[in-house]
Asks: 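The structure is given below, and queries will be raised subsequently.
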2 protein chains.
Amino acid sequence: MTTQVKIDRGAGIAVWRQISEWLKTEIAAGRFAEGARLPAEADIASRFEVNRHTVRRAIAVLTSEGILRADQGRGTFVASAPISYPIGARTRFSEIVSGQDRTPSGRMIGSSVEPADAVIAEALSVSAGAPLLRIETLRVADGTPVLVGTSWFDQARFPGLVAAYAETGSFTRALELCGVPDYTRKETRVTAELVAAADAALLGLEPGQPVLVVESVNVDPVDAPVQYTRTRMAAERIQLVIEN
Amino acid sequence: MTTQVKIDRGAGIAVWRQISEWLKTEIAAGRFAEGARLPAEADIASRFEVNRHTVRRAIAVLTSEGILRADQGRGTFVASAPISYPIGARTRFSEIVSGQDRTPSGRMIGSSVEPADAVIAEALSVSAGAPLLRIETLRVADGTPVLVGTSWFDQARFPGLVAAYAETGSFTRALELCGVPDYTRKETRVTAELVAAADAALLGLEPGQPVLVVESVNVDPVDAPVQYTRTRMAAERIQLVIEN
DNA sequence: GGTAATTTGTTCGTATGTATC
DNA sequence: TGATACATACGAACAAATTAC
């Protein structure tokens, strides 16, 4: 049963908007399944007796909202549902992703040693200017890049961390090797920004798209700060979930 | 004492980037206080012996990051720190804002009755298509618009809610009048999007700026869903804080 | 209230360095 | 080596908004 919707011209609502609303409700109602291909633009156009450009405009706004995904030459598809990313004391990327029947992976983009700026020094309880390890990582779920993260560690405390991370590919295990048996997330701050050029390339995002920026501090069992992380997440592919 | 910094040409780092880093560290070090006016572009340009365009580019990246704020004719200012918005079971806008020595206010933008779409019906445990009250609000802190929220309620359960909200200006008190003595936040989902045109006008944002989108469900003391809210927050003015 | 000075915003044009093929 | 594309940097002039006198 497809809802019979007519275009209402001269109703003060642009035709492209009426079509985009129709598409939205069809998708929300599940009549176009996740990942399904939409009818060709020409078919939608003839169904509503409008020009194909009108349909294109309707589709364009939904792609910019991340609801649709248009691949040149292949067609337009209902975007896959965003990954739900629970924010809690024991957030671990790989566990979250595998819990949603997706395959996680990740790799180190780079690492360096740099002096602590005022904000990070405060968060890690080191003096400003103290040398910090910086590790840049890219996390992927089911082949789609989802987030890039920058983590800072006190170099004096964890001299062997970069090697340990390069070997294990996991902060949890790398920190174990460096004598931190467990860690928990203490505070999390969330904002949104426009994607930086370098991140856009890594995440496969168009410039001008929004990213969620999550800054958090991980502490060891005795509550000493261990890791400061700034994560940029492709907003259209992820949804943070806070349970109360 | 202002740090003496020289521009290093031919060092592989663009001049505009060196200036933007310099500005960033000056601000982080507190040498330009929050709300303070920066030297005029022309002055910074002559201080570093570069073109004004070069300074403008440095300033542009910092405005896009929300660190600076440029007003034509007035000058360029260090942006005020974002409001910290704790997400918890008892989140109340007015308490959060007054707790940070800012003056909260708000007004109702509009209200209507509309049939429940699939997602909201599920969240509010009503059948799809059931009539819902939709209330649109704008929240302001210290004269700056911070967020626009759309809330949905089951009309059958709260027929007098719009009037109660219009009178009290508070969901807490309006729900009290409708027989809900207290409510708590059950689940919160966070994403980011580009601001919609209508919201941009309300929030005083440029089109193309990111907004944090927070969707949440409030439940009454017996855990029945009462209110579904979709809030759009000016990302540059707010920071969500999740304590663990 | 009017005017000039100040400051950011916009649009031309020109030249140079850098990376890629 | 040359051709090309792109980002960077400079210069000049003017528009638009705000402030100071």
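When reading the values below, keep in mind they use all heavy atoms of this one structure, side chains included, and skip hydrogens, waters and symmetry mates.
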Asks: Does C/dT6 have OP1 or OP2 sitting under 4.0 Å from an N or O in the side chain of B/Arg74?
Replies: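 Negative; the distance criterion is not met.
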Asks: Taking the basic N atoms (NZ, or NE/NH1/NH2) and the acidic carboxylate oxygens, is any pair closer than 4.0 Å for A/Glu215 and A/Arg189?
Replies: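 No salt bridge links A/Glu215 with A/Arg189.
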Asks: Assuming nearest nucleotide by heavy-atom distance, tell me which of B/Val50 and B/Gly73 is located more 5' along DNA chain D.
Replies: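 Upstream on the strand: B/Val50.
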Asks: Rounded to the Å, how far apart are B/Arg17 CZ and D/dA7 P?
Replies: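 B/Arg17 atom CZ is separated from D/dA7 atom P by 14 Å.
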Asks: Between B/Arg52 and B/Glu41, does any side-chain N to carboxylate O distance fall below 4.0 Å?
Replies: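 B/Glu41 and B/Arg52: salt-bridged.
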Asks: Any ion pair linking B/Arg232 and B/Glu193 (charged N to carboxylate O, less than 4.0 Å)?
Replies: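 Judged by the 4.0 Å cut-off on N to carboxylate O distance, B/Glu193 and B/Arg232 do not form a salt bridge.
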Asks: Strictly by modelled atom types, are A/Thr150 and A/Glu136 linked by a side-chain donor-acceptor pair under 3.5 Å?
Replies: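 Yes, a side-chain donor-acceptor pair sits under 3.5 Å.
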Asks: Closer than 4.0 Å, any side-chain N/O of B/Thr54 to the OP1 or OP2 of D/dC10?
Replies: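 Looking at the OP1 and OP2 atoms of D/dC10, one of them is under 4.0 Å from a side-chain N or O of B/Thr54.
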Asks: Look at the side-chain N and O atoms of B/Thr76 and state whether any lies under 4.0 Å from the OP1 or OP2 oxygen of C/dT8.
Replies: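 For C/dT8, OP1 or OP2 has a side-chain N or O of B/Thr76 closer than 4.0 Å.
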Asks: Starting from P on C/dT8, measure out to CZ on B/Phe77 and report it in whole angstrom.
Replies: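 It is 8 Å, rounded to the nearest whole Å.
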Asks: Without decimals, in angstroms, what is the distance between B/Gln18 CD and D/dT8 C1'?
Replies: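 It works out to 12 Å between those atoms.
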Asks: On a heavy-atom basis, which atom in A/Trp16 and which in A/Ala58 lie closest, and how many Å separate them?
Replies: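 Nearest heavy atoms, A/Trp16 then A/Ala58: O-CB, 3.3 Å.
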Asks: Round to the nearest Å and state the distance from B/Leu62 atom CG to C/dT8 atom P.
Replies: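 Rounded to whole Å, this separation is 14 Å.
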Asks: Atom pairs under 3.5 Å, N or O on each side, protein against nucleotides 10-18 of chain C: can you list them with distances?
Replies:
{"unit_1": "C/dT11", "atom_1": "O4", "unit_2": "B/His53", "atom_2": "NE2", "d": "3.2"}

Asks: Write down the distance between CD (B/Gln72) and P (C/dT7), rounded to a whole number of angstrom.
Replies: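 Roughly 14 Å, once rounded to whole Å.
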Asks: Hey, are B/Asp71 and B/Arg74 close enough for a salt bridge, meaning a charged N less than 4.0 Å from a carboxylate O?
Replies: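 Yes, B/Asp71 and B/Arg74 are salt-bridged.
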Asks: Take a 6.0 Å sphere around CZ of B/Arg134 and say whether it holds more than 12 heavy atoms from other residues, nucleotides or ligands.
Replies: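 Yes, the 6.0 Å shell around CZ holds more than 12 heavy atoms from other groups.
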Asks: Is B/Arg37 near enough to C/dT7 that one of its side-chain N or O atoms lies under 4.0 angstrom from OP1 or OP2?
Replies: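 Affirmative; the distance criterion is met.
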Asks: Which part of the nucleic acid, if any, lies within contact of B/Arg69, taking any heavy atom under 4.0 Å across all strands shown: a base, the sugar-phosphate backbone alone, or nothing?
Replies: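 Result for B/Arg69 = nothing.
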